[in-house]
Engineer: 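One structure, pasted below without further comment.
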4 protein chains.
Amino acid sequence: MKNQPLVIADRQFESRLMVGTGKFSSNEVMRDALDATESEIVTVALRRADLSGGSDPYANILEYIDAEKYLLLPNTSGAMNAEEAVRLARLAAAAGLPKWVKLEIHPDPTYLLPDPIETLKASEVLVKEGFTVLPYINADPVLAKRLQEVGVAAVMPLGAPIGSNKGVVTRDQVRIIVEQATVPVVVDAGLGAPSHAAEAMELGADAVLVNTAIAIASNPVRMGQAFKMAVEAGRSAYEMGLPEVIDGSSATSPLTGFLNA
Amino acid sequence: MKNQPLVIADRQFESRLMVGTGKFSSNEVMRDALDATESEIVTVALRRADLSGGSDPYANILEYIDAEKYLLLPNTSGAMNAEEAVRLARLAAAAGLPKWVKLEIHPDPTYLLPDPIETLKASEVLVKEGFTVLPYINADPVLAKRLQEVGVAAVMPLGAPIGSNKGVVTRDQVRIIVEQATVPVVVDAGLGAPSHAAEAMELGADAVLVNTAIAIASNPVRMGQAFKMAVEAGRSAYEMGLPEVIDGSSATSPLTGFLNA
Amino acid sequence: MKNQPLVIADRQFESRLMVGTGKFSSNEVMRDALDATESEIVTVALRRADLSGGSDPYANILEYIDAEKYLLLPNTSGAMNAEEAVRLARLAAAAGLPKWVKLEIHPDPTYLLPDPIETLKASEVLVKEGFTVLPYINADPVLAKRLQEVGVAAVMPLGAPIGSNKGVVTRDQVRIIVEQATVPVVVDAGLGAPSHAAEAMELGADAVLVNTAIAIASNPVRMGQAFKMAVEAGRSAYEMGLPEVIDGSSATSPLTGFLNA
Amino acid sequence: MKNQPLVIADRQFESRLMVGTGKFSSNEVMRDALDATESEIVTVALRRADLSGGSDPYANILEYIDAEKYLLLPNTSGAMNAEEAVRLARLAAAAGLPKWVKLEIHPDPTYLLPDPIETLKASEVLVKEGFTVLPYINADPVLAKRLQEVGVAAVMPLGAPIGSNKGVVTRDQVRIIVEQATVPVVVDAGLGAPSHAAEAMELGADAVLVNTAIAIASNPVRMGQAFKMAVEAGRSAYEMGLPEVIDGSSATSPLTGFLNA
């Protein structure tokens, strides 16, 4: 029995695991790891303009991501405010990338936490311009609602700071976001182990986005597979409904009469 | 890349998911769920003697467990002390079951928690009699060591009380048991969701045993598959090594120069 | 050795426990409980205008709060947006209350979670009008910074939803807020037990605000004392510096030679 | 309203905070810190015999503990098995110390975790010899029961490994021990912060024992006071009953009609 497909803005996906493209040791490794995840959505940074394509070793990253196979989801990582993020998104669209954008606006250089005000502002602009907007946000249920009202296609609350590997430390807030959401909820950032991804799915997230944990693994292909399985397992469990946590206990072993026959 | 096999007492297993046979709605459902887990070790209770095989609907449970496919692991669930447990194990062996035993001695009717003293006592007796003994224990590192010294084939610390679905609440102790163990460590009891099983494996457990969460799922076959995937994912991650939890953060997105070319 | 005083907007307080006035069984009980907390800041709701003072049993709540002893901190609980909150704050000031305001804007009726956008907007207006503004916010470090830039006198991140008694579930975010804050950080909401208040202080919060847990206790006076002690204990520990959590262990008992003399 | 007294073996104590004497920078500091805790039970190690009283700087530790003020609770820290522990207890009694003993048997040099088997064995012997026995144990509810049956005066489950400062990581097990106990439950080891001590008391522990966190604090006297307050606060809260954790929320602020009058 298969898991339900994920639908974002009328586009349907079998996979509920989105993957980032940062920190891989090489583009070849990245390509193989993406393949192993069976992901259908891959995000790539549209970083600010101080590098020329010629000299940047990652300039050709897009050559390693098959646009037939993956929805390329440009992200605005590095944008410090709404204006910068909007500009990056427009440039990407002008360059022929899909008119989807993972909106990341994080003025804070230490924890890369997103700015709620600028994110809402940029979302308003980009939605009006016809973008499919997926904003990366703090796990703030009211902000998630306001973004929905503005017309974003999904919300991407963080599980923990980017690269922290702490798991879903925001589980209480994520649960509320899921309960109130009318668009898909994608837990993004902080998922450092397969169990974290499974937990996010069990909480009711519609998808997760993983990057660092796969990219820096000793074997990114294998770690990609591990996350793929964990996401499917967590989603299956959520669709079936998990049993409640209980404080007493009860025997699980059936009686076997054969000894007494 | 495949996970390493599990070796218990010179016997090798591909699967690291052991399954219990209690609480399934029917033997047919149980059989199909076991199949879905791809488990190779299945535990069955050898309960006390007040039921005749004829009238017990579960009396024929063994007909539904293919002894070619699974190692049948009799358990002493229901035993209140070492004497009862030893007697049950001997009866099982006399009846032709494998000379393996999951030793469960839990005098407490509420939480079904294991008795450390009786468990050590019974282990000593059964090891001497040639049994392959896998004792179910509280997550007590010193007890685990003493049982190893006595010659048990594995230790099975609980994650949380049986049927509680709380996950690995004993994670700190399990980590120490794993660090000090010279025999396989199997986390048993309390694992209510795939993420729990994945976490146990990521902590370094050699295997997990799951029963209730699969048996009472709305779709035990599908839940069996979910646990199977979660266990594999968690084990893979453990074998590769997981990144450390860190308190700062760092950007994960690579630079993309294409816009500036 | 006494704890350091708390300074908010040039006013100094010995107590780091702020108390709310909702849900007490009577005004007399409230008065006695406030007294027991030794609090110096008490917050009172300026609810929307559909009640006449005459018929409201709580209309005379202010008669029970000694303005010599406590700084009365009006709050805008019930405000759905910035405009309503600003109007309430102005009315309070016009009525002669202190020009301090705990800014609460929570459009969500279920969890009473605060709205980041409206809160920033109202803060800007009220700061300009000379109010000492203490906004209640989600535990969002970037929002906290932006509010500081606007000139608020403190930030009040939630520990958990109001009335949930869950404790500091936002501990990871609170830690970052504290690390980056240039104004006092007051953990507000969710603190259901003395240990929660102590933990918030140990994390580095400058103060906490407690209401429900004291108001609905079987003995609010005694619970008020308990929170007072917990807050002082947690603050003391923070000022001294707590030892790091370590994974190994070491003996704590000294050698005693008297037996061998 | 005062907290209930603690009764152990017919002896009554006002304080629920026991203190250890290890790791203090000097005996004078220790004495003052003990004083600040207002503790009435102080534990001292009766370590193995390789030091002569003359040359050991701590040999005279007992001169700093007023036997009128404190019940001196000798502990068997360092004992590797029941025999050693019993021998130490007997020597202490022969030397005129109170016939109370905190039984600590930890063969493991890394985590100093207690041995359940040896602890039960030594308890049996010492109870028969008329000792008031308080065994330090893993948080094992079945072991706690068995020790009660043997006649110990209290059980002392660990919160976390000694010196780890992790808090009550065994909270789920401690809760069960408390629920089933017929003798006082004293949470011992791992309590690194006042909030940890408060939480242990809120869980229903009858007392806690703290050592390292006070002894190595930058100001042991002040930290002693902090723990004292936290323990009292947690106990008060437990005696009153704490509100349940709830998943929804509800407003806490009363209506204030004065603006509309």
Side-chain angles (χ1 to χ4, degrees), chain C residues 1 20-23 44-47 49 51-53 56 58-59 61 77 91 95 110-112 161-166 192-195 198-199 202 211-212 217-219 222-223 226 229-230 232-234 236-237 240-243 245-246 248-250 252-261, chain D residues 1 20 22-23 44-47 49 51-53 56 58-59 61 77 91 95 110-112 161-166 192-195 198-199 202 211-212 217-219 222-223 226 229-230 232-234 236-237 240-243 245-246 248-261:
Chain C
M1 189 168 166
T21 52
K23 294 196 174 171
V44 180
L46 307 162
R47 207 56 73 74
L51 286 166
S52 74
D56 175 12
Y58 290 100
I61 189 171
S77 179
L91 281 170
T110 310
Y111 298 101
L112 302 175
I162 291 178
S164 70
N165 302 312
K166 289 194 172 183
S195 64
E199 185 190 355
E202 289 163 6
N211 186 344
T212 309
S218 61
N219 183 336
R222 193 179 176 198
M223 192 62 93
M229 288 190 291
E232 288 184 17
S236 280
M240 278 180 274
L242 280 166
V245 167
I246 52 174
S249 183
S250 53
T252 53
S253 291
L255 303 179
T256 308
F258 79 101
L259 292 173
N260 317 307
Chain D
M1 188 168 167
K23 294 195 175 174
V44 180
L46 308 162
R47 206 60 72 77
L51 285 165
S52 73
D56 175 12
Y58 289 100
I61 188 171
S77 179
L91 280 170
T110 311
Y111 297 102
L112 301 174
I162 290 179
S164 70
N165 302 312
K166 289 194 171 183
S195 64
E199 184 189 357
E202 289 163 6
N211 186 346
T212 309
S218 61
N219 184 336
R222 192 178 177 199
M223 192 62 93
M229 288 191 290
E232 288 184 17
S236 279
M240 279 180 274
L242 280 165
V245 167
I246 52 176
S249 182
S250 54
T252 53
S253 291
L255 303 179
T256 308
F258 79 99
L259 292 173
N260 319 306

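Computed from a prediction, not measured in an experiment: that's the story for all the values here. So that the names make sense, note that chain A is the first sequence line, chain B the second, and so on, each numbered from 1. These numbers come from the heavy atoms of this one structure, side chains and all, not from hydrogens, waters or symmetry mates.
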Engineer: So which heavy atom on C:Leu242 is nearest to which on D:Met223, and how close?
Structural biologist: CD2-CE, 3.9 Å

Engineer: Less than 4.5 Å to any heavy atom of chain C: does that hold for the side chain of D:Glu202, its backbone, both, or neither?
Structural biologist: side chain

Engineer: Checking C:Glu199 against chain D: side chain, backbone, both or neither under 4.5 Å from a heavy atom?
Structural biologist: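 Contact with chain D: backbone and side chain both.
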
Engineer: If I compare all heavy atoms of D:Pro194 with all of D:Ala226, which pair ends up nearest, and what's the gap?
Structural biologist: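 Residues D:Pro194 and D:Ala226, closest heavy atoms: CG-CB, 4.0 Å.
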
Engineer: Over all heavy atoms of both residues, which pair between C:Lys166 and D:Val245 is shortest? Give the atoms and the distance, please.
Structural biologist: CG-CG1, 3.5 Å

Engineer: Measure the CD1-OG distance between D:Ile162 and D:Ser77 for me, rounded to the nearest 0.5 Å.
Structural biologist: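 The OG atom of D:Ser77 is 6.5 Å from CD1 of D:Ile162, to the nearest 0.5 Å.
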
Engineer: With chain D as the partner, which of C:Ala193, C:Gly192, C:Gly20, C:Gly234 has the greatest number of non-hydrogen pairs under 4.5 Å?
Structural biologist: C:Ala193

